[in-house]
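Notes follow the structure.
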Amino acid sequence: MLIVPEREIADLLTRDASFDAVEKVFAAMAAGDAYNFPVIREAIGHEDALYGFKGGFDGKGLTLGLKAGGYWPNNLEKRQLINHQSTVFLFDPDTGKVAAMVGGNYLTALRTAAASSVSIKHLARKDAKVMGMIGAGHQATFQLRAALEQRAFEKVIGWNYHPEMLPNIEKIANEAGVPFESVPLEGMVEADVVISITSTFAPTVMSDHISAGTHIACMGTDTKGKQEVETALLARATVFTDEVAQSVSIGEAQHAIAEGLIDVSNVHQLGAVINGTHAGRTSDDEITMFDGTGVGLQDLAVAAAVVDLAVAKGIAIEVDF
Ligand code: NAD
């Protein structure tokens, strides 16, 4: 078995490599070559932790495995550890033997940013100029850095529930040489592309905040009950997702479906656009939405890429197991 420790991941996996891995696996899912297993997520009644598994099998890329982990809200204060903790396990699909154990924390941020980036590549208008960010936490920085590579953005506008966190994303815009402006939520109407990545359970982005022609990637809602955007926006938009089953149960679409505003048949796989079996955006004034719920196959795809890179660089730790 090979081990790739968390500390090695940042130097191994580039944004380009994670983008390619995620784009390929979304395509494989839509083609029916890869599928995700039902998600397990449990409040374990200890340390207020949420723990679970996301797994799947990609019969084309031949990756089988799971990501185990979750959220320990007391880690930072009590133990100076980050609150999100996860590990990816890969198995040999021919034998069932465990093949690799890979640190999953940095990978999660890279694969989540890659997902919204893939959606921007395939769904945003080619002439998009203004990038809007809603959220300024840990994931938001990765999201913005990756998104800015997808179009020739001339400005970043940002809003966050905790305004004191906005410098986190301003710094990323500055590093990319793009001016940053903090705006009220109503100011998001100026954006051509919006990413929302917050942990809210009550919608902050209203339909009126989003203009015709915008692409919005909703990345924060990955659990039953969470909600970032008003359901009326889903009724106005063409809705795409990584995985329909997750979108309608733990993603942003769960609420619009419950209210009867949209139907499961209104939620489309982004992979179908990548494969050319769905037209994607069909006009400049269409609102496209990506409901990015985060699937196990994304984790497996980037973990498999990391293992290959670690082996090539001679830094994978081999243990007899
Ligand atoms: P974080 O704690 O670093 O940041 C949280 C963000 O949410 C901050 O911008 C904060 O200001 C904002 N926020 C908190 N309470 C709010 C409220 N009531 N209203 C509006 N905004 C509020 O968290 P993070 O690691 O950046 O994760 C953000 C979200 O993304 C979480 O919900 C996490 O579960 C989710 N996530 C999704 C995926 C995926 O694949 N879709 C992957 C990783 C994380």
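All values reported here derive from a predicted model rather than from experimental measurement. One-based numbering, in listed order, for ligands and for the atoms of each.
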Practice item. For atom 12 (C) of ligand 1, find the nearest protein heavy atom and state the residue, atom name and distance (0.1 Å precision). Key: Thr198 CB, 3.8 Å
Check your understanding: What are the atoms of ligand 1, with element, lying closer than 4.0 Å to any heavy atom of Ala136?
Key -> 9 (O)
Practice item. Identify, by atom number and element, the atoms of ligand 1 in contact range of Met165, meaning under 4.0 Å from any of its heavy atoms. Key: 8 (C), 11 (O)
Review point. Is the shortest distance from a Lys or Arg side-chain nitrogen in Lys121 or Glu23 to a carboxylate oxygen in the other one below 4.0 Å?
Key: yes
Study note, to complete from the structure: Nearest non-hydrogen contact to atom 4 (O) of ligand 1 from the set Ser86, Gly137, Ser116 belongs to Gly137
Exercise for review: Examine ligand 1 and decide if any of its atoms is less than 4.0 Å from a heavy atom belonging to His84.
Suggested key: yes
**Study point:** Closest protein heavy atom to atom 42 (C) of ligand 1, given as residue, atom name and distance to 0.1 Å
**Key:** Thr112 OG1, 3.3 Å
Review point. Taking only heavy atoms of Asn160, which atoms of ligand 1 are found under 4.0 Å from at least one of them?
Key: 8 (C), 9 (O), 10 (C), 11 (O)
Check your understanding: Is Lys226 in contact with ligand 1, taking contact as a heavy-atom separation below 4.0 Å?
Key -> yes
Review point. Judged by modelled atom types alone, do Asn275 and Thr277 share a side-chain donor-acceptor pair under 3.5 Å?
Key: no
Point to revise | Residue selection (non-hydrogen contact nearest atom 40 (O) of ligand 1) among Glu164, Met219, Gln298, Arg111 | key: Arg111
Check your understanding: Just distances here: any N/O of His138 and N/O of ligand 1 closer than 3.5 Å?
Key -> yes
Review point. Charged N to carboxylate O below 4.0 Å: is that the case for Glu47 and Lys78?
Key: yes
Review point. Checking Thr204 side chain against Thr200 main chain: does a donor-acceptor pair fall under 3.5 Å?
Key: no
Check your understanding: Of Thr223, Asp242, Thr241, Asp222, which is the lone residue that meets side chain to side chain donor-acceptor pair (under 3.5 Å) with Thr293?
Key -> Asp242
Review point. What is the minimum heavy-atom distance between Phe290 and Ala115, and which atoms define it?
Key: CE2-O, 3.7 Å
**Study point:** His215 versus Thr288, side-chain donor and acceptor atoms under 3.5 Å
**Key:** yes
Practice item. Give the atoms of ligand 1, by number and element, whose distance to some non-hydrogen atom of Gly135 is under 4.0 Å. Key: 9 (O)
Point to revise | Pair Lys60 + Asp58, salt bridge at N-O below 4.0 Å | key: no
Practice item. Check each atom of ligand 1 against the heavy atoms of Gly292 and keep those under 4.0 Å away; list them by number with element. Key: 41 (N)
Practice item. Identify which of Glu228, Gln139, Gln143 has a heavy atom lying nearest to atom 24 (P) of ligand 1. Key: Gln139
Review point. What are the two closest heavy atoms between Leu300 and Leu64, and how far apart are they?
Key: CD1-C, 4.0 Å
Review point. Considering only the protein, which heavy-atom contact is closest to atom 5 (C) of ligand 1, and what is its distance?
Key: Ser199 OG, 3.7 Å
Practice item. Run the numbers for me: atoms of ligand 1, each under 4.0 Å from some heavy atom of Asp222, listed by number. Key: 33 (C), 34 (O), 35 (C), 36 (N), 37 (C), 38 (C)
Practice item. Please check if the side chain of Glu228 supplies one atom and the backbone of Gly220 the other of a donor-acceptor pair under 3.5 Å. Key: yes
Check your understanding: Passes ring-ring contact (aromatic ring centres under 6.0 Å, His included), Phe240 versus His278? Steps please.
Key -> CA-CA 10 Å; Phe240 298 86; His278 188 293; 5.1 Å; yes
Study note, to complete from the structure: Result for side-chain contact (heavy atoms from CB on, under 4.5 Å) between Phe180 and one of Ile157, Ile172, Leu166 points to Leu166
Review point. Between Thr204 and ligand 1, is there a nitrogen or oxygen pair with a distance under 3.5 Å?
Key: no
Exercise for review: Specify the protein heavy atom at minimum distance from atom 11 (O) of ligand 1: its residue, its atom name, and the distance to 0.1 Å.
Suggested key: His162 ND1, 2.7 Å
Exercise for review: Using a distance threshold of 4.0 Å (strictly less than), state whether atom 9 (O) of ligand 1 has a protein heavy-atom neighbour.
Suggested key: yes
Revision key, fill the gap. Checking heavy atoms under 4.0 Å, the part of Thr293 that sits near ligand 1 is backbone
Review point. Hey, is atom 2 (O) of ligand 1 touched by any protein heavy atom at less than 4.0 Å?
Key: no
Review point. Of Phe142, Tyr71, Tyr161, which has the heavy atom at the shortest distance from atom 18 (N) of ligand 1?
Key: Tyr161
Check your understanding: Side chains of Ser247 and Glu243: donor-acceptor distance under 3.5 Å anywhere?
Key -> no
